[in-house]
Amino acid sequence: MGHWSDKGLRGSTLDEMINLTTDIYREKNLGLIQKIPTPITPVRIDDKTRQITLAYFQQQSTVDYIGVVQSIPVCFDAKECAKDTFPLMNIHQHQIDFMEDFERQGGISFLIIMYTHRNEMYYIPFRDVKRFYQRGLDGGRKSFRLDEIDTSYQIFNEQGVMVHYLKGLQKDLSEREE
C-alpha cells in the first residue's frame with residue numbers, strides 16, 4: 001500500500017479538468033460520468049480538526065471514472081506524464097482486469113493521458129493499452145512512447161470543454177465497427 005502523502009497531488013490538475021468537463025457533459029445532457037473516489041484507510045486523525053493526517057491507499061481501486069455517454073457505458077483512468085515515455089507500472093493489473101471485464105460487458109474502456117511537459121492530452125483506446133501492457137508482461141518494454149500512440153486521438157479544449165474526450169470516444173466506436 002502506498003502512503004497518501006507520497007503521491008502528493010499528482011494527477012489533480014487533470015482530474016480537476018476532467019471533473020469540469022463531466023459537469024458540462026451532464027449539463028448538456030451528453031453523458032453522466034462519476035469520479036470514483038480512491039479508497040483510503042485512515043491511520044491518524046487530528047483530534048481538534050477531525051481531519052485525516054495520515055492514511056494509506058487501499059490497493060484495489062478500479063478506475064478513476066465510470067458512467068454512461070449517450071447510452072454507452074464508459075470507464076477510464078486519467079494519468080499525467082512528465083516525459084514522452086509513459087511507464088506501465090502506473091497502470092495496475094487489477095485496473096487492466098477491470099477494464100477488460102468492462103469491455104466484455106459491452107462497455108468502452110480507455111485512458112486519458114496528459115503529457116504535462118507538452119501540454120497535450122490523448123485518448124488511448126483500451127485495445128492499445130492492453131497491447132502495451134501485454135508487451136511488458138511478455139518481457140518487452142515496460143513503457144510506451146508518445147510516438148507509439150495514435151496521435152489522431154489527441155484531445156483538445158473545444159467549445160469551453162477542457163478535456164473534450166467525446167471525439168476520441170466517437171473515433172474509438174467507429175474503428176470498432178470497421
Side-chain angles (χ1 to χ4, degrees), residues 1-2 7 10-19 21-22 25-26 30-40 57-81 83-116 120-155 162-178:
M1 285 194 284
K7 305 211 190 258
R10 186 176 68 195
S12 65
T13 301
L14 179 57
D15 280 353
E16 189 57 35
M17 290 167 49
I18 291 172
N19 293 343
T21 297
T22 62
Y25 286 170
R26 184 175 185 173
L30 296 172
L32 180 61
I33 306 295
Q34 291 278 297
K35 170 89 168 111
I36 304 298
T38 304
I40 62 166
F57 286 113
Q58 295 173 358
Q59 195 62 27
Q60 295 295 318
S61 62
T62 55
V63 292
D64 292 332
Y65 295 89
I66 195 164
V68 63
V69 174
Q70 302 293 300
S71 76
I72 300 163
V74 298
C75 79
F76 62 95
D77 214 58
K79 304 286 187 188
E80 290 189 21
C81 184
K83 300 178 184 174
D84 283 355
T85 301
F86 181 83
L88 290 167
M89 64 184 260
N90 291 337
I91 307 169
H92 304 286
Q93 182 66 54
H94 65 269
Q95 292 176 306
I96 294 289
D97 293 343
F98 181 84
M99 290 189 284
E100 190 164 39
D101 290 346
F102 196 85
E103 292 235 332
R104 207 174 289 123
Q105 292 296 321
I108 306 293
S109 302
F110 56 95
L111 290 184
I112 293 177
I113 297 183
M114 180 176 195
Y115 290 91
T116 54
E120 294 177 1
M121 289 179 283
Y122 294 91
Y123 174 114
I124 315 287
F126 179 68
R127 63 183 169 274
D128 294 343
V129 174
K130 187 176 176 188
R131 180 171 44 89
F132 295 138
Y133 199 82
Q134 191 59 52
R135 177 178 72 187
L137 291 176
D138 292 343
R141 287 180 59 99
K142 307 243 183 297
S143 61
F144 60 86
R145 295 182 316 272
L146 178 60
D147 64 10
E148 292 183 89
I149 67 171
D150 184 344
T151 55
S152 70
Y153 278 96
Q154 186 169 357
I155 298 170
M162 298 185 85
V163 187
H164 196 24
Y165 59 84
L166 292 186
K167 287 186 174 184
L169 179 61
Q170 184 60 52
K171 181 174 171 46
D172 190 355
L173 288 166
S174 297
E175 291 181 359
R176 290 165 186 250
E177 291 170 2
E178 292 175 1

Trainee: Identify, with sequence neighbours excluded, every residue that meets side chain to side chain donor-acceptor pair (under 3.5 Å) alongside R176.
Mentor: E103, D172
Trainee: For K79 and I91, what are the C-alpha separation, side-chain angles and deciding distance, and is it a side-chain contact (heavy atoms from CB on, under 4.5 Å)?
Mentor: CA-CA 9 Å; K79 304 286 187 188; I91 307 169; 4.3 Å; yes
Trainee: Under the salt bridge (charged side-chain N to carboxylate O under 4.0 Å, His left out) test, which residues partner D147, sequence neighbours left out?
Mentor: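 D147 satisfies salt bridge (charged side-chain N to carboxylate O under 4.0 Å, His left out) with R145 once adjacent residues are dropped.
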Trainee: What closest approach, in Å, do A78 and D15 show between heavy atoms, and which atom pair accounts for it?
Mentor: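 Distance-wise, the nearest heavy atoms are CB-OD1, 3.8 Å.
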Trainee: Give the minimum heavy-atom separation between V69 and I33, together with the two atoms involved.
Mentor: CG2-CD1, 3.8 Å
Trainee: Can you name the residues that form a ring pair (Phe, Tyr, Trp, His ring centres under 6.0 Å) with F126, not counting sequence neighbours?
Mentor: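 F126 satisfies ring pair (Phe, Tyr, Trp, His ring centres under 6.0 Å) with no residue once adjacent residues are dropped.
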Trainee: What distance do Y133 atom OH and E100 atom CD have between them, rounded to the nearest 0.5 Å?
Mentor: 11.0 Å
Trainee: Checking Q95 side chain against T62 main chain: does a donor-acceptor pair fall under 3.5 Å?
Mentor: yes
Trainee: Measuring from N19:CG to K35:NZ, what's the distance to the nearest 0.5 Å?
Mentor: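 The distance works out to 7.0 Å.
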Trainee: Applying side chain to side chain contact (heavy atoms under 4.5 Å, CB included), name anything that partners P73, two or more places apart in sequence or on another chain.
Mentor: F102
Trainee: Quick check for you: to the nearest 0.5 Å, what is the distance between I96 atom CD1 and Q134 atom CD?
Mentor: 9.5 Å
Trainee: Can you check side-chain contact (heavy atoms from CB on, under 4.5 Å) on L14 and M121, steps first, answer last?
Mentor: CA-CA 9 Å; L14 179 57; M121 289 179 283; 3.8 Å; yes
Trainee: CZ of R26: more than 12 outside heavy atoms within 6.0 angstrom?
Mentor: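 Open: at most 12 neighbouring heavy atoms sit under 6.0 Å from CZ of R26.
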Trainee: Tell me every residue that passes side chain to side chain contact (heavy atoms under 4.5 Å, CB included) with L30, counting only those two or more places apart in sequence or in another chain.
Mentor: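 Applying side chain to side chain contact (heavy atoms under 4.5 Å, CB included) to L30 gives Y25, K28, Q70, L166.
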Trainee: What are the two closest heavy atoms between I113 and F144, and how far apart are they?
Mentor: CD1-CZ, 3.5 Å
Trainee: Can you tell me if Y115 uses its side chain to pair, donor with acceptor, with the backbone of F86 under 3.5 Å?
Mentor: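 No; zero donor-acceptor contacts below 3.5 Å.
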Trainee: The criterion is side chain to side chain donor-acceptor pair (under 3.5 Å); which residues satisfy it with D84, sequence neighbours excluded?
Mentor: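 Result, side chain to side chain donor-acceptor pair (under 3.5 Å) vs D84: H117, R118.
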Trainee: Nearest heavy-atom pair of L146 and E120: which atoms, and what distance?
Mentor: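 Here L146 and E120 meet closest at CD2-OE1, 4.3 Å.
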Trainee: Check S143 against L88 and note the closest heavy-atom contact, atom names and distance.
Mentor: N-CD1, 3.7 Å
Trainee: Sequence neighbours excluded, which residues qualify as ring pair (Phe, Tyr, Trp, His ring centres under 6.0 Å) partners of F110?
Mentor: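 F110 satisfies ring pair (Phe, Tyr, Trp, His ring centres under 6.0 Å) with F76, Y123, Y165 only.
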Trainee: Quick one: do R131 and D128 satisfy salt bridge (charged side-chain N to carboxylate O under 4.0 Å, His left out)? Show the steps, please.
Mentor: CA-CA 5 Å; R131 180 171 44 89; D128 294 343; 3.3 Å; yes
Trainee: Atom CD1 in I124, atom CD1 in I149: separation rounded to 0.5 Å?
Mentor: 3.5 Å
Trainee: Report the residues that fulfil side chain to side chain contact (heavy atoms under 4.5 Å, CB included) with E177, sequence neighbours left out, ordered by chain and then residue number.
Mentor: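 Per chain and number, E177 pairs via side chain to side chain contact (heavy atoms under 4.5 Å, CB included) with no residue.
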Trainee: Applying side chain to side chain donor-acceptor pair (under 3.5 Å) as the test, list every pair that has at least one member in residues 104-114; sequence neighbours left out.
Mentor: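 Only D101-R104 qualify under side chain to side chain donor-acceptor pair (under 3.5 Å).
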Trainee: Once you round to the nearest 0.5 Å, how far does CD1 of I72 lie from CG of L173?
Mentor: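 Spacing of CD1 (I72) from CG (L173) equals 4.5 Å.
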Trainee: Check the pair R141, T85 against side-chain contact (heavy atoms from CB on, under 4.5 Å), reporting the backbone distance first and the verdict last.
Mentor: CA-CA 11 Å; R141 287 180 59 99; T85 301; 3.7 Å; yes
Trainee: When rounded to the nearest 0.5 angstrom, what distance separates NZ in K83 from OG1 in T116?
Mentor: 11.0 Å
Trainee: Could you tell me whether the side chain of D77 and the main chain of D64 form a donor-acceptor pair under 3.5 Å?
Mentor: yes
Trainee: Just jot down the side chain to side chain donor-acceptor pair (under 3.5 Å) partners of K142, sequence neighbours excluded, or say none.
Mentor: none
Trainee: Run the side chain to side chain donor-acceptor pair (under 3.5 Å) test against K171 and tell me which residues pass, sequence neighbours left out.
Mentor: S152, E175
Trainee: Could you tell me if the side chain of L111 sits less than 4.5 Å from the side chain of F132, heavy atoms only?
Mentor: no
